[in-house]
**Q** 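My questions will all concern the structure given below.
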Amino acid sequence: MVNIRISLLSAAVIVTGCLNSVFTKYQDNQCVRNCQDPDFSKHVYFEQPALQTLQMFVGESGCWVVVFLSWLSTVVKYYSKGRKKPLYAPLSEGDSDQTKLPELTGLRSLILAIPAVCDVCGTTMLNVGLLYTPVSIYQMARGSLILFVALFSVFFLNRRISRLEWLSLFVVTFGVFLVGLSGALGNKVHISGDKNTSFAVIFGITLILIAEIFAASQFVSEEYIISRSSVDPLRLVGFEGIFGGSITFLVMVIAYSIVGRSNPGGPFDIVTSFKDVTANSQVIWSSVAIMISIGSFNFFGISVTDELSATARSTIDTCRTLLVWLVSLYLGWESFKWLQLVGFSLLVLGTLTFNGVLKAENWYFIPEWFKKDAPLPGERVIDVVDEQIERF
């Protein structure tokens, strides 16, 4: 029964993660202005990356609903048993180490605004990059996250990277390069607006890579905070949803006051942004779908993460990327390219090796020089580098 539960939760993580990327790309492809004009070049598509970032944070804030229901369930059980047991069970001896860490509540929780700012910048740039790239290339290019996390972990967390891990990072980098190259060479893809050019795809991939630098900063800053504080993962996501959503909305208002008023219809025109949402029913329901999918992805990821090894979590992340590609091919948003398959394969190989899923130190064809400082069990840079919510 436990295995069935874990399998269902794992499948839910894969599906909801895939749906979030697909729904976001679907929303980008929706026409919101001049849609009846026979000249397609005059059609205006939904290109509101800041608003999409706000949608994501609203979805993350939904984790507080689960936190509240969990608390309510505890209270109901407490009173239904006639208060025979304490509302909060005392810590066992095995939890004694955890009590040494201060709890992240009240004003102390404001420190989570730091990773939230990184999340705002990274997510917004990802949404802009998605406007210019096929959704599968977008998802694969995000695999570069492990490169930046590894580098930041060395510089800021004083972690050690072995030669084998450096080799796997090189393989990942080369895989991302091939994926990007496949997108730039004669792409037949469905991209919102008139952006179906090699330069546009390269520009989009560049934005995605920069966004992953912000994501790595978020990753490492959270790792630092968690190592020094006691915080429930679901609350962590909820806090970042509130902080990130507030910061995003505030920046949108300020940008509108400074730039948006004098440039109606531009990316900083918050009034037009919200009008675009209501202009097309497909945009409305896709907005709801995006918020539900990201909230569900967070919930399922946290629900299963304590019961999964790093191997399983890394495999789940790979399956999600593959599913995004298959869905994109099925919907006709892009065509199959062998170069992209080769790049994706190298990306998977490097990621699984870096995360310790594949034991490269046991491969006979790997030179002994690479194996001399192979990481010991439990000595990885960070337990596993995959989608942020799956790392707890």
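This chain uses plain numbering: 1 for the first residue, then up along the sequence. Atom set for the values below is all heavy atoms of this structure, side chains included, hydrogens, waters and symmetry mates excluded.
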**Q** Ignoring hydrogens and angles, state whether a donor on the side chain of Ser136 or Glu334 is under 3.5 Å from an acceptor on the partner side chain.
**A**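 Note: Ser136 and Glu334 side chains meet the donor-acceptor criterion.
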**Q** Once you round to the nearest 0.5 Å, how far does NZ of Lys42 lie from CD of Gln36?
**A**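 Lys42 NZ to Gln36 CD: 14.5 Å, rounded to 0.5 Å.
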**Q** With clusters defined by side-chain heavy atoms of hydrophobic residues (ILVMFWY) lying less than 4.5 Å apart, directly or transitively, does Val117 cluster with Leu110?
**A**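 Both belong to a single hydrophobic cluster.
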**Q** Taking Phe46 as the starting point, is it possible to reach Phe274 by hopping between hydrophobic residues whose side chains are less than 4.5 Å apart?
**A**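 Same cluster.
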**Q** Between Gln27 and Val283 (side chain of the first, backbone of the second, donor and acceptor by atom type, cut-off under 3.5 Å), is there such a pair?
**A**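 A pair under 3.5 Å: yes.
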**Q** Does any N or O in the side chain of Gln30 come within less than 3.5 Å of the main-chain N or O of Tyr26, such that one atom is a donor and the other an acceptor?
**A**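 Between the backbone of Tyr26 and the side chain of Gln30 there is a qualifying donor-acceptor contact (under 3.5 Å).
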**Q** Do Arg261 and Tyr256 make a side-chain contact, defined as non-hydrogen atoms from C-beta onward lying under 4.5 Å apart?
**A**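 Yes, close enough: below the 4.5 Å cut-off.
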**Q** Quick check: does any side chain N or O of Lys25 sit under 3.5 Å from a backbone N or O of Pro134, one acting as donor and the other as acceptor?
**A**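 Flag not set: sc Lys25 to bb Pro134 has no pair under 3.5 Å.
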**Q** Using the six-membered ring wherever Trp is involved, compare the ring planes of Phe148 and Phe152 and label them parallel, tilted or perpendicular (cut-offs 30° and 60°).
**A**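 Geometry flag for Phe152 against Phe148: tilted rings.
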**Q** Start with the C-alpha gap between Leu346 and Val172, add the side-chain angles, then the distance that decides, and say whether side chain to side chain contact (heavy atoms under 4.5 Å, CB included) holds.
**A** CA-CA 6 Å; Leu346 290 176; Val172 167; over 6 Å; no
**Q** Please tell me if the side chains of Thr353 and Leu164 come closer than 4.5 Å, counting only heavy atoms from C-beta onward.
**A**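 No; the side chains remain at least 4.5 Å from each other.
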**Q** Out of curiosity, does Leu209 fall in the hydrophobic cluster containing Leu151 (side-chain heavy atoms, cut-off under 4.5 Å, transitive links)?
**A**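 Linked within one cluster.
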**Q** Within this structure, what is the SG-CD distance for the pair Cys118 and Glu240, rounded to the nearest 0.5 Å?
**A**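 Answer for the SG-CD pair, Cys118 versus Glu240, is 9.5 Å.
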**Q** Can you name the nearest heavy-atom pair linking Gly244 to Thr248, along with the distance?
**A**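 Heavy atoms only, the tightest pair is O-OG1, 2.7 Å.
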**Q** Kindly indicate, with the supporting measurements, whether the criterion side chain to side chain contact (heavy atoms under 4.5 Å, CB included) is fulfilled by Ile290 and Met56.
**A** CA-CA 7 Å; Ile290 289 171; Met56 185 205 70; 5.6 Å; no
**Q** So do Phe344 and Leu322 actually touch side chain to side chain, heavy atoms under 4.5 Å?
**A**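 Yes, at least one pair of side-chain atoms sits under 4.5 Å.
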**Q** Treat each ILVMFWY residue as a node, draw an edge where side-chain heavy atoms are under 4.5 Å apart, and state whether Leu349 and Ile366 are in one component.
**A**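 Looking at the clustering, Ile366 is in the same group as Leu349.
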**Q** Are Leu51 and Val271 connected into the same hydrophobic cluster when the rule is that any two of I, L, V, M, F, W, Y join if their side-chain heavy atoms are below 4.5 Å apart?
**A**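 Yes, same cluster.
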**Q** Examine distances only and state if a side-chain atom of Ser182 and a backbone atom of Val179 form a donor-acceptor pair shorter than 3.5 Å.
**A**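 Yes, the answer is positive, given that a donor and an acceptor are paired below the 3.5 Å cut-off.
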**Q** Is it true that a side-chain atom of Ser257 and a backbone atom of Val253 form a donor plus acceptor pair closer than 3.5 Å?
**A**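 Side chain of Ser257 to backbone of Val253: a pair is present.
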**Q** Side chain of Thr123, backbone of Val120: donor and acceptor closer than 3.5 Å?
**A**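 Side chain of Thr123 to backbone of Val120, a donor-acceptor pair under 3.5 Å: no, none is there.
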**Q** Within the 4.5 Å heavy-atom criterion, are Phe199 and Tyr132 side-chain neighbours or not?
**A**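 They are not in side-chain contact.
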**Q** Please give me the minimum heavy-atom distance between Ile294 and Gly59, naming the atom from each residue.
**A**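 Result for this residue pair: CG2-CA, 3.6 Å.
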**Q** Report yes or no: do Glu212 and Ser144 form a side-chain donor-acceptor pair below 3.5 Å?
**A**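 Ser144 and Glu212 do not have a side-chain donor-acceptor pair below 3.5 Å.
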**Q** Are Ile270 and Phe249 side-chain neighbours, meaning at least one heavy-atom pair lies under 4.5 Å?
**A**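 Yes, close enough: below the 4.5 Å cut-off.
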**Q** Decide yes or no for Ile137 and Ile205: does some side-chain heavy atom of the first lie under 4.5 Å from some side-chain heavy atom of the second?
**A**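 Answer yes - side chains close enough.
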**Q** Considering only heavy atoms from C-beta outward, does the side chain of Phe297 approach that of Val13 to under 4.5 Å?
**A**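 Side chain of Phe297 against side chain of Val13, heavy atoms only: contact under 4.5 Å found.
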**Q** Provide the closest heavy-atom pair for Ser335 versus Leu329 in the form atom of the first, atom of the second, distance.
**A**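 For Ser335 versus Leu329, the nearest heavy atoms are C-CD2, 3.6 Å.
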**Q** Please give me the minimum heavy-atom distance between Met291 and Val58, naming the atom from each residue.
**A**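 Smallest interatomic distance, heavy atoms only, reads SD-CG1, 3.4 Å.
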**Q** Supply the atom-to-atom distance Leu54 CG to Ile247 CD1, rounded to the nearest 0.5 angstrom.
**A**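 CD1 of Ile247 is found 12.0 Å from CG of Leu54.
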**Q** Quick one: do Ser345 and Leu341 satisfy side chain to side chain contact (heavy atoms under 4.5 Å, CB included)? Show the steps, please.
**A** CA-CA 6 Å; Ser345 300; Leu341 176 61; 4.2 Å; yes
**Q** Once the angle between the rings of Phe174 and Phe177 is folded into 0 to 90°, is it parallel (under 30°), tilted (30 to 60°) or perpendicular (over 60°)?
**A**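 Correct class here is parallel.
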**Q** Would you check if the side chain of Ser168 reaches a backbone N or O of Glu165 as a donor-acceptor pair within less than 3.5 Å?
**A**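 Flag set: sc Ser168 to bb Glu165 pair under 3.5 Å.
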**Q** Taking the side chain as everything from C-beta on, heavy atoms only, tell me whether Ile242 gets closer than 4.5 Å to Ser246.
**A**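 Yes, their side chains come closer than 4.5 Å.
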**Q** Is it the case that the side chain of Ser328 and the backbone of Val324 share a donor-acceptor pair, with hydrogens and angles ignored and the cut-off at 3.5 Å?
**A**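 Pair absent, no side-chain N/O of Ser328 close to backbone of Val324.
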**Q** For Thr124 and Cys121, indicate whether the former's side chain and the latter's backbone hold a donor-acceptor pair under 3.5 Å.
**A**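 Looks like no, no N/O pair under 3.5 Å.
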**Q** Heavy atoms only: give me the nearest Ile284-Thr278 pair and the separation to one decimal.
**A**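 Result for this residue pair: CD1-CA, 4.0 Å.
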**Q** Would Asp119 and Phe57 count as a side chain to side chain contact (heavy atoms under 4.5 Å, CB included) here? Give the steps.
**A** CA-CA 9 Å; Asp119 201 2; Phe57 283 121; 3.5 Å; yes
**Q** Give me the atom names and distance for the closest heavy-atom approach of Asn127 to Asp28.
**A**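 For Asn127 and Asp28, the tightest heavy-atom pair comes out as O-OD2, 4.5 Å.
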